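Since the structure is predicted, the reported quantities are computational estimates derived from the model, not experimental observations. Below, all heavy atoms of this structure are taken into account, side chains as well, without hydrogens, waters or symmetry copies.
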Amino acid sequence: MKSSQDDLYAKPYQQVSDFQFDNKVAGVFNDMIRRSVPGYGQIINTIGDLAQKYATPNSKIYDLGCSLGAATLSVRRRVEGRNCQIIAVDNSESMIERCKENLSAYVSETPVKLVCGDIRDIEIENASLVILNFTMQFLAPEHRQSLLKKIYDGLLPGGLLVLSEKLYFEQDQIQSTLDDLHLDFKRANGYSELEISQKRSSLEHVMKPDTLQQHELRIKQQGFSQFSVWFQCFNFASMVAIK
């Protein structure tokens with residue numbers, strides 16, 4: 001998946017607009033997420049491994065907030081021959097269009113249905129795997145529980161939810177330390193202080209991270225039988241929940 005270098009916040013703005021998954025972001029998204037999210041490549045690869053373990057024949061797999069289709073591609077490579085269907089959903093037309101191009105570059109017998117729409121409106125049924133890869137943090141907090149309910153209801157017994165999120169920590173020193181480590185990660189990947197500051201301002205009103213405890217409580221309240229963090233680097237984590 002080709003991507004231009006992310007320099008969207010390299011020049012100073014008098015007023016920084018709220019972050020949007022528009023055409024400009026879609027064009028640099030691969031570079032942006034590689035340089036911003038520690039362990040992203042490992043998460044994508046492991047989602048494919050989890051699909052190989054949990055995707056059952058003749059079931060559906062949902063990638064909710066699919067962006068450019070990295071998780072969908074990882075999954076599709078690992079479920080060949082099982083007669084699964086992948087439903088990849090994003091509310092950004094720019095992301096969906098680029099996702100379509102990325103998917104068309106790889107021949108596969110596993111069909112992918114691309115949907116440009118709100119993940120809250122998607123009917124989930126006969127699902128063996130549902131993926132929320134850095135998606136829920138952009139959903140209004142009051143809608144997160146109802147989305148989880150829809151996912152739980154649509155999962156088959158033994159089905160898997162993969163949930164990757166940036167985390168917030170209530171302990172001030174822990175939050176500050178992990179935040180500093182993440183900022184150092186971005187600096188090491190070539191982002192300037194101006195870029196880091198302006199990107200943070202753009203996300204302030206758009207992305208609302210939860211604590212790990214909030215995620216676990218919400219998932220257990222919904223009825224999932226098992227829950228665990230399988231990956232964490234600084235303030236980024238990926239979790240799994242089994243129905």
Side-chain angles (χ1 to χ4, degrees), residues 39-40 42-67 69-91 99 103 108-115 117-139 141 143-167 210 212-232 236-243:
Y40 185 76
Q42 179 65 60
I43 291 171
I44 291 297
N45 288 338
T46 304
I47 287 174
D49 294 337
L50 289 167
Q52 186 176 37
K53 290 179 179 295
Y54 282 91
T56 55
N58 306 309
S59 67
K60 295 182 179 180
I61 298 166
Y62 292 81
D63 185 3
L64 303 179
C66 63
S67 62
T72 290
L73 280 167
S74 182
V75 167
R76 193 169 66 162
R77 294 188 186 105
R78 307 303 290 274
V79 299
E80 295 282 21
R82 302 190 195 184
N83 196 34
C84 291
Q85 180 189 29
I86 302 173
I87 297 93
V89 186
D90 204 285
N91 65 357
C99 182
L103 292 173
S108 173
E109 65 183 32
T110 301
V112 178
K113 180 181 179 181
L114 285 175
V115 180
D118 193 320
I119 60 174
R120 295 171 298 177
D121 299 330
I122 301 301
E123 291 300 322
I124 297 173
E125 59 182 5
N126 191 38
S128 58
L129 174 66
V130 176
I131 302 158
L132 285 167
N133 200 40
F134 301 105
T135 300
M136 187 175 282
Q137 61 200 25
F138 292 102
L139 190 66
H143 296 147
R144 295 175 187 180
Q145 188 69 60
S146 59
L147 176 62
L148 275 181
K149 180 181 184 336
K150 177 176 283 194
I151 291 170
Y152 181 85
D153 290 345
L155 274 169
L156 297 166
L160 187 76
L161 167 65
V162 180
L163 174 64
S164 308
E165 290 278 290
K166 185 177 184 181
L167 298 178
D210 286 320
L212 177 59
Q213 292 75 20
Q214 285 174 303
H215 284 297
E216 183 172 9
L217 178 62
R218 193 183 288 131
I219 282 172
K220 288 185 173 179
Q221 284 178 336
Q222 197 50 62
F224 286 90
S225 64
Q226 298 184 53
F227 168 85
S228 182
V229 175
W230 71 266
F231 175 91
Q232 183 177 342
F236 290 83
S238 189
M239 300 154 268
V240 288
I242 300 172
K243 181 172 178 177

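In this structure, the side chain of Arg76 does not engage the main chain of Pro111 through any donor-acceptor pair within 3.5 Å. No donor-acceptor pair closer than 3.5 Å links the side chain of Ser238 to the backbone N or O of Phe231.
Arg218 has its side chain within reach of Asp210: a pair of non-hydrogen atoms, C-beta onward, lies under 4.5 Å apart. Residues His215 and Leu167 meet the side-chain proximity criterion, which asks for heavy atoms closer than 4.5 Å. For the pair Val79/Tyr54, no side-chain contact is recorded, criterion being any heavy-atom separation below 4.5 Å from C-beta on. At a threshold of 4.5 Å between non-hydrogen side-chain atoms, the residues Glu216 and Met239 do not count as touching. Looking at Leu148 and Leu161, their side chains come closer than 4.5 Å, going by heavy atoms from C-beta outward. Looking only at side-chain heavy atoms (C-beta outward), Leu132 and Ile119 come within less than 4.5 Å of each other. Annotation: side chain of Leu156 is not in contact with side chain of Lys243 (no heavy-atom distance under 4.5 Å). Within the 4.5 Å cutoff, no side-chain heavy atoms of Tyr62 are placed close to those of Ile151.
Atom CD of Gln214 sits about 10.5 Å away from atom CD of Glu165, to the nearest 0.5 Å. Note that SG of Cys66 and CD1 of Ile86 are 10.5 Å apart. Values are rounded to the nearest 0.5 Å. Within the model, atoms OG of Ser164 and CD1 of Ile43 stand 4.5 Å from one another, a figure rounded to the nearest 0.5 Å. For the atom pair Ile87 CD1 and Lys113 NZ, the distance stands at 7.0 Å (nearest 0.5 Å). Atom-to-atom distance recorded for Lys150:NZ and Glu125:CD is 11.5 Å, nearest 0.5 angstrom. Between the CG atom of Leu129 and the OG1 atom of Thr56 there is a distance of 9.5 Å, given to the nearest 0.5 Å.
Of the residues Arg82, Gln85, Arg77, Glu80, the one that meets the side chain to side chain donor-acceptor pair (under 3.5 Å) test with Thr110 is Glu80. Of the residues listed (Val75, Asp63, Thr72), the one engaging Ile47 in a side-chain contact (heavy atoms from CB on, under 4.5 Å) is Val75, and it is the only one.
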Q: May I have the step-by-step check of side chain to side chain contact (heavy atoms under 4.5 Å, CB included) for Asn133 and Tyr40, ending in yes or no?
A: CA-CA 10 Å; Asn133 200 40; Tyr40 185 76; 3.7 Å; yes

Q. After noting the C-alpha distance and the side-chain angles of Ser128 and Ile61, does the key distance pass the side chain to side chain contact (heavy atoms under 4.5 Å, CB included) rule?
A. CA-CA 6 Å; Ser128 58; Ile61 298 166; 4.2 Å; yes

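The two atoms that bring Ala127 and Val130 nearest to each other are CB-CG2, 4.1 Å, heavy atoms only. Between Leu114 and Cys99, the shortest heavy-atom contact is CD2-SG, 3.6 Å. Summarising the geometry of Ala71 relative to Ile131, their closest heavy-atom pair is CB-CG2, 4.4 Å, with the distance given to 0.1 Å. Here the shortest heavy-atom pairing between Met136 and Leu147 reads CE-CD2, 4.3 Å. Minimum heavy-atom separation, Trp230 to Gln42: CH2-O, 4.1 Å. Across all non-hydrogen atoms, the minimal contact from Ala88 to Val112 is CB-CG1, 4.2 Å.
For the 3.5 Å distance criterion, the side chains of Asn83 and Asn58 qualify, holding a donor opposite an acceptor.
Classified by interplanar angle (parallel below 30°, tilted 30° to 60°, perpendicular above 60°), the ring pair Phe224/Tyr152 is perpendicular.
Checked against salt bridge (charged side-chain N to carboxylate O under 4.0 Å, His left out), Lys149 has the following partners two or more places apart in sequence or in another chain: Asp153. With sequence neighbours excluded, no residue forms a side-chain hydrogen bond (donor to acceptor under 3.5 Å, both in side chains) with Asp121.
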